[in-house]
Every structure is written in structure tokens, then in C-alpha cells.
Amino acid sequence: MLPALTMGDPAGIGPELTVKAWEQLRTQGEGFVWIGDPALIEGIPTQIVNEPEQAGAVFAHALPVLPVYLPGPVVPGQPDSAMAGQVIASIERATRLALEGRVSAVVTNPISKAVLKAAGFGFPGHTEFLASLCGVPGEEIMMLASPQLRVVPVTVHVSLREALDSLTTDKIVQVGKALAQALRRDFGFEAPRIAVAGLNPHAGEGGVMGLEEQVMIEPAIRILREAGIDASGPYPPDTLFTDLARPLYDAALCMYHDQALIPLKTLDMASGVNVTLGLPIVRTSPDHGTAFAIAGKNRADPTSLLSALRLARDLGVRRASGKEKRP
């Protein structure tokens, strides 16, 4: 059983990344089924398949495609909200197949939130939409993972002001528990270590630079520890991601989006993978966007997509086997 790779925004770098991923994986005993318009794929053979189960026999000699046909031609680098319905349909089909157990995971090519919003899309992004499709709205949690670092933000696609206003002890505990479960179930850690970031400079410096650590974050850490989770902190965010600190934990629980994503993308953007926790399916994606400025110029780096496909495979195998311990 292979993962399904969605189309993404057809005017972005998704089609080019798909081609490059197929070229690299076709001889390695790995594969995926692509859900999109075959007219977008250039330079490699494609083969329409009627069912995802047919993709494995096809992948070595052609890109297997479950077709979602676009209403018109696409100009690379020029996004068009008229294509939004098919972009959404690709995601919906991949998710449905994963829920039915017919693909091992969903890997999503980048979408443009602005383009979809202009067409009436009612979700902030992929993550929230997938949670809705899976029947678990509000339980979705975003992790960014690379060989050097795993991070999870408690608040995600909201303004910094809204993030500060919405941060609570209960929310930190909820995300921390889901993170611990995912580290055991999907990543194979028997006793995962979670480092919790502070919110303020120097983690509040004992209340001198803010009280959120004392009144909100430290109580959350106590609750997590009482639940048997190895959570520690709060740590000053400016030292939590150093070379000396990172080996001391398995994932960092961060308070807001950029606190988590800036260090990971600075350290290893090329290999970074977006993983959605809290879903009944495995979902990964590259940690970059549509890159309209370079679309159609054969300059897109497939490293992150390849990492997303490989991590999806590994997580799918571990989840299917029911293993919760690191080999």
C-alpha cells in the first residue's frame, strides 16, 4: 500500500516536485500515487490508474495518476482561483482513500491559502481542513520534523496577538499529551522527552519579564508530569535549540508558530517535514510553500518532498504494525 500525493496548487512547484520525486524513487522500491491532472506532468511517462492499489505495479515505469482534471490551462507562477475546486478535490480524495485504508498516508503538495480563500475556502490551511475531513476538528496538531529537530507549536495559524490571547494551561496540556502519544505511536520513542519552551525572554526571568511561565506554563508541565509524561521546562527559547540543548529532548513544545518553525527551518529547511498529529490517518507535507516565483523554471528542490514521502512511509508502517517503541 502506497501513500497518496496530492496535486497542490497547479501553478506552483508541486508538479515539478512530483516529477523529480518519481525520478528519484522509481528505482528504490518506493512509490506513491499522484492525485492530479496528468496534463501538468512533463518529461516523464504517466499512467492513469482506476484504483490506488494498481499504483505499485506501475510506479517503476510510469507515474501512476488518479486523475482530477482541471477546468483549463495552467500558467506556472500565475495562480488562478478557478482551479481551487480541483485542488480541494485532490485533498478530499486522498483523505477519503486513507480513511478507507486504501493508501498508507496522505502527502500534500503545497497550496496557496490566499488563492483558496479567494474561492471561498473556509479553512486557514491544509491542517484544519484535513481535521474536518477526518471528523476530528480542533484536534489537529502541527509538528515540523527533521533529522535535527522536532517542534510542535501550541498555537498555529493565528496572529501573534491572537496566539497570546488564546494560550492557556489546558491548551498546553492538550497539545503536550497528543505530542507524547505521537512520539510513542508514530516515532517509536518508548519514553519520549518533551522540552517545553517559555513564552517570554529568559522564560520570564522569575516573573521579572512576564508571568505566563509561572501562572500558565509551569502548571501545564506539572499536569503533564503527573500524567506520566517526561515534560520539562519552561526553557528560555533563545537557548532551547542550540547544538548542546537539542540532544537532551525528543521534541520541543513551543508556544506559538514562529517560535517553533524559525529554528527548524533555519537548521534544516531542505529536509523539514510537516506532520499533522491528532488525525486517524498519517499526513505529511514538505515544509515550504508554492514558490510561484520559480514555478516552471526547473529550480525547485525536491528534498523536502522526498523527506515527506519517506517519513509518511515510515509512520504508516509503524502505525499499521502497532509498534510504540523505537527499534
Side-chain angles (χ1 to χ4, degrees), residues 108 110 113 124-127 140-164 166-167 171-172 174-180 182-183 186-187 189 192-205 209-210 212-213 216-218 220-221 224 229-278 283-289 291 301 303-308 310-311 315:
T108 54
K113 300 175 182 65
H126 260 132
T127 303
E140 69 277 7
I141 294 170
M142 184 174 72
M143 170 189 278
L144 269 288
S146 80
Q148 297 190 59
L149 180 64
R150 298 176 195 87
V151 292
V152 169
V154 175
T155 61
V156 188
H157 293 132
V158 295
S159 70
L160 184 56
R161 167 56 55 202
E162 188 175 345
L164 297 177
S166 64
L167 193 64
K171 182 67 173 175
I172 297 167
Q174 175 197 350
V175 176
K177 287 182 175 179
L179 172 56
L183 289 170
D186 295 336
F187 289 85
F189 290 97
R193 303 164 298 167
I194 298 174
V196 182
L199 176 66
N200 297 299
H202 301 268
E205 195 74 58
M209 299 182 184
E212 285 83 0
E213 283 76 13
M216 186 185 307
I217 302 174
E218 290 176 8
I221 293 171
L224 291 171
I229 296 170
D230 184 358
S232 59
Y235 297 107
D238 61 348
T239 58
L240 182 57
F241 306 104
T242 64
D243 290 344
L244 292 176
R246 292 197 308 276
L248 303 179
Y249 56 86
D250 302 310
L253 183 61
C254 302
M255 296 302 106
Y256 57 93
H257 182 279
D258 283 9
Q259 187 185 62
L261 272 63
I262 287 173
L264 184 134
K265 292 188 176 185
T266 300
L267 286 167
D268 195 6
M269 182 166 179
S271 298
V273 177
N274 186 336
V275 185
T276 303
L277 312 181
R283 181 265 176 152
T284 67
S285 75
D287 72 345
H288 55 70
D301 182 354
T303 303
S304 185
L305 177 58
L306 288 164
S307 296
R310 288 168 174 149
L311 182 58
L315 298 184

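Here the structure is a predicted model, which is why all the values come from computation and not from measurement.
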Exercise: identify the closest heavy-atom pair between [X] and [Y]:
X	Y	answer
Ala231	Val196	CB-CG2, 4.4 Å
Cys254	Ala197	CA-CB, 4.2 Å
Pro286	Ala308	N-CB, 3.9 Å
Met209	Pro201	SD-O, 3.5 Å
Gly272	Ser146	CA-CB, 4.1 Å
Met255	Gln259	N-OE1, 2.6 Å

Original post:
Applying the side chain to side chain contact (heavy atoms under 4.5 Å, CB included) test to Asp287, which of Val275, Leu264, Val273, Leu261 qualifies?
Top reply: Leu264
Original post:
Under the criterion side chain to side chain contact (heavy atoms under 4.5 Å, CB included), which of Leu253, Ile194, Thr155 is the partner of Val175?
Top reply: Leu253
**OP:** Could you tell me which residues satisfy side chain to side chain contact (heavy atoms under 4.5 Å, CB included) with Asp258, sequence neighbours excluded, listed by chain and number?
**Re:** Tyr256, Ile262
Subject >> Lys265, NZ: over 12 other non-hydrogen atoms inside 6.0 angstrom >> reply: yes
Original post:
Any side-chain donor-acceptor pair under 3.5 Å between Arg193 and Ser232?
Top reply: no
Return the [atom1] to [atom2] distance between [X] and [Y], rounded to the nearest 0.5 Å.
X	Y	atom1	atom2	result
Ile229	Leu183	CD1	CG	10.0 Å
Thr276	Met142	OG1	CE	8.5 Å
Asn274	Met143	CG	CE	10.5 Å
Thr303	His288	OG1	NE2	8.5 Å
Asp186	Thr284	CG	OG1	11.5 Å

Original post:
For Leu277, does its backbone N or O pair with a side-chain atom of Glu140 as donor and acceptor, under 3.5 Å?
Top reply: no
Original post:
Short question: side chain of Ser271, backbone of Asp268 - any donor-acceptor pair under 3.5 Å?
Top reply: no
A side-chain contact here means heavy atoms from C-beta on lying under 4.5 Å apart; do [X] and [Y] qualify?
X	Y	answer
Leu199	Leu164	yes
Leu267	Arg246	yes
Phe187	Asp250	no
Leu224	Lys177	yes

**OP:** Go through Asn200 and Glu205 one step at a time and tell me if the side chain to side chain contact (heavy atoms under 4.5 Å, CB included) criterion holds.
**Re:** CA-CA 8 Å; Asn200 297 299; Glu205 195 74 58; over 6 Å; no
**OP:** Take Ile221 and Ile172 through the side chain to side chain contact (heavy atoms under 4.5 Å, CB included) test and state the conclusion after the steps.
**Re:** CA-CA 8 Å; Ile221 293 171; Ile172 297 167; over 6 Å; no
Subject >> Counterpart residues, side-chain hydrogen bond (donor to acceptor under 3.5 Å, both in side chains), relative to Tyr249 (two or more places apart) >> reply: none
**OP:** Go through the steps to decide whether Thr108 and Arg283 satisfy the test side chain to side chain contact (heavy atoms under 4.5 Å, CB included), and finish with yes or no.
**Re:** CA-CA 8 Å; Thr108 54; Arg283 181 265 176 152; 2.8 Å; yes
Subject >> Check against side chain to side chain contact (heavy atoms under 4.5 Å, CB included), Arg150 and Leu144 >> reply: CA-CA 6 Å; Arg150 298 176 195 87; Leu144 269 288; over 6 Å; no
